[in-house]
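We name chains A, B, ... by the order of the sequence lines, and we start the count at 1 in each one.
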Amino acid sequence: MTLSQQRRFTTPEPDETLEALAARACPDLDLELAIERIRGWNLHIFLMRRPRGLLLGGDVVFIEPPLV
Amino acid sequence: MYDILIKNGLVIDGAGTKAVLSDVGIKDGKILAIGENLKDGGQQVLDAAGLVVSPGFIDPHTHFDVQLLWDGAAKPALEHGVTSIIPGNCSLSLAPLKAEDRKTLIGMFQQIEELPPAAFTDAFEWTWETFSDYRAAIEGDLSVNVAPLVGHSVIRLWVMGADAQQRAARPDEIEAMQDLLRDCLNAGAVGLSTSFVDVDENARPVPSRFAQFQELDALCAVLGEFGRMLQIVPEFYDTDITIARIDQLAELSLKHKIPTTLSPVFDNRQSPNNVPRTLARIEEQTARGARVWPQMQTRPIDISFSLLRPSLFFARLPSWVKILRLPVTERISALRDPATADKLVADVGEDGGERLMGRLIVRGGGEAPEHLVGRTLGDIAAERGEVPARALITLSLENDLEIAFLAANGGHDSTDRIGPMLANPLVHIGASDGGAHLTSFSTYGDTGYLFSEFVRKSGALTLEHAVQKITSEPAEIWGLKDRGMLKTGYAADVVIFDPSTIDRGIERPVFDMPGGGMRYVRDSIGVDTVLVNGQIAWAKGAYTNAQTGQICALA
């Protein structure tokens, strides 16, 4: 059985900052826009978590919006 | 002659085959014979006429690690027919643990299990650091069988100390974790548990959440040497993340040839596509050969709480937890302090708790005013001109904290939807959380509820299928050797129950934890007798002195 397409994600590298992750995940975007996108696609990290935005090694970080 | 002969029962062997009227002969802790009119007689004969005779039930997701140190029966799980339990879930086990890390782990256990502090100071002596020594500490007094997981968080803590909750591990540290895990598996651990959700008493993520995927992959390589289980707690509140976790588990399962399981998975009207999408992905990955088992519990989650003690309800509100951990007189003073109360209300969010607390129902309790019972907090708050979080505090103070609230139907909320899901061959029935969340809800009786709600009431499962889902299926998934079936040579873990009445009792508070600590429990209904390794451990409403529980041998 072929795997259906699912939302793409990455996981943080050791000690990786949001800026570095955004640059790696969205290399074609301006850095500020890439950061904004990563924040918006990952509310479980950047809105729901306390402390907000704490990036953990085990995180699933989506690199695209939800699939329609 | 048999040690025990069970006569005239409706035998359900656990394999899914149709029930037959038969006798079961037991000798030296094992099933010796099954058949009609067994002739050899028994030193003790049990008449099971009109009752079902089935294998003992297996609970694959529990947190009885601490309770087992003073209660080898994991009460009241055993009286519900549960003869084998798997503790150590969610990245937390009591071993391996260095003496200097005990305080750290206690904080995490208190957060998740809601055990009173006295449970860690008065109820037992810390005699172990290694996994094998913890095993020795519980093994002699068991009435229930135990297949313990080892927690990823404690493995990190052992190797990295305080850094376990700060950073990624270095290659040498990962290698040390691999060696430690190997020691635990050699000492009988059934697998490794990890969590992507849990937090400690300060709401800081538990150590396992700081691990890179590469670290988990390295630990799974060790699981692969033994063919043992990886259990995870996924971000169950988000389907996309859950599917990402399923894909990670599938890769680990295929690469290391290990079984994996994720728990819990919930279905409710707010996210009706969650389980269908999750199961569709499981089906795809299963077709690739991956072993990924989603655990679903049978019951909805109804959290009851008051401000008398900490509760799971406040898991994401550390400022509330901090206040609720104060002694009662200090807690009342703090809640009466306007600045403290303002901060608590502010911490709930800009809506004053409307979303989180507005639908809470006043459950009652010793001092609850009758005219408030059954009403929502949002309704009462509006009437009083307060936001719900403020009303929660003021109502509690007005009633000496003796007023309880109910957050109903968390998790599942529809029997008609859940029944077919539980019957699905890809679904592993579990996630009871037995022994955890003590002051929030009862984690006992899920098996009785399976029969009453999904066999008798909705008919989603036949009696034989329901028994199979909680006996031979979990035994096979977890590799519990010679358990989970009524079969010659298998361990004589047996439940005798009335199929027309088996159920869970009403949820009620009891104060039987160390230091008089409170927990919610449910009594069993319709369970006549429970045997563990050939000895009667519970019969006719009472526990016996049998301590024949074992650390489960693994296939």
Are there residues of residues 19-47 of chain A that reach to under 4.5 Å of chain B by heavy atoms, and which ones?
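Result: A:H44.
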Between the main-chain N or O of B:W293 and the side-chain N or O of B:T261, is there a donor-acceptor pair closer than 3.5 Å?
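Side chain of B:T261 to backbone of B:W293, a donor-acceptor pair under 3.5 Å: yes, one is there.
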At a 4.5 Å cut-off on heavy atoms, which part of [X] comes close to chain B: side chain, backbone, both, or neither?
X: A:T11; answer: side chain
X: A:R49; answer: side chain
X: A:L55; answer: neither

Are the side chains of B:K255 and B:D217 in touch, meaning some heavy atoms are under 4.5 Å apart?
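The answer is yes, as the side chains (C-beta and beyond) meet within the 4.5 Å cut-off.
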When the side chains of residues 204-216 of chain B are checked against the rest of the protein, which donor-acceptor pairs come out under 3.5 Å, sequence neighbours left out?
unit_1: B:R204; atom_1: NE; unit_2: B:Q165; atom_2: O; d: 3.1
unit_1: B:R204; atom_1: NH2; unit_2: B:Q165; atom_2: O; d: 3.0
unit_1: B:S208; atom_1: OG; unit_2: B:S195; atom_2: N; d: 3.3
unit_1: B:S208; atom_1: OG; unit_2: B:S195; atom_2: O; d: 2.9
unit_1: B:R209; atom_1: NE; unit_2: B:F196; atom_2: O; d: 3.3
unit_1: B:R209; atom_1: NH1; unit_2: B:V197; atom_2: O; d: 2.9
unit_1: B:R209; atom_1: NH1; unit_2: B:D198; atom_2: O; d: 3.2
unit_1: B:Q212; atom_1: NE2; unit_2: A:P12; atom_2: O; d: 2.5
unit_1: B:E215; atom_1: OE1; unit_2: B:R156; atom_2: NE; d: 3.4
unit_1: B:E215; atom_1: OE1; unit_2: B:R156; atom_2: NH2; d: 2.9
unit_1: B:E215; atom_1: OE2; unit_2: B:H152; atom_2: NE2; d: 2.7
unit_1: B:E215; atom_1: OE2; unit_2: B:R156; atom_2: NE; d: 2.9

Any luck finding a side-chain donor-acceptor pair between B:T239 and B:N274 under 3.5 Å?
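B:N274 and B:T239 do have a side-chain donor-acceptor pair below 3.5 Å.
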Heavy-atom pair count under 4.5 Å with chain A, highest-scoring of B:R245, B:R288, B:Q248, B:E283
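Heavy-atom pairs under 4.5 Å are most numerous for B:R245.
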Check each atom of B:I246 against the heavy atoms of chain A and say whether the ones under 4.5 Å are side chain, backbone, both or neither.
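Neither the backbone nor the side chain of B:I246 comes within 4.5 Å of chain A.
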Side chain, backbone, both or neither: which part of B:I241 has an atom under 4.5 Å from a heavy atom of chain A?
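Answer is both: backbone and side chain atoms of B:I241 are under 4.5 Å from chain A.
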If every non-hydrogen atom of [X] is compared with every non-hydrogen atom of [Y], which pair is closest and at what distance?
X: B:L230; Y: B:I258; result: CB-CD1, 4.3 Å
X: B:R281; Y: A:S4; result: NH1-O, 2.8 Å
X: B:V348; Y: B:G353; result: CG1-CA, 3.2 Å

Going by the angle between their ring planes, with limits at 30° and 60°, are B:F313 and B:F305 parallel, tilted or perpendicular?
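Ring orientation of B:F313 relative to B:F305: parallel.
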Under 30°, 30 to 60°, or over 60°: which ring-plane class applies to B:W320 and B:F314, parallel, tilted or perpendicular?
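B:W320 and B:F314: parallel rings.
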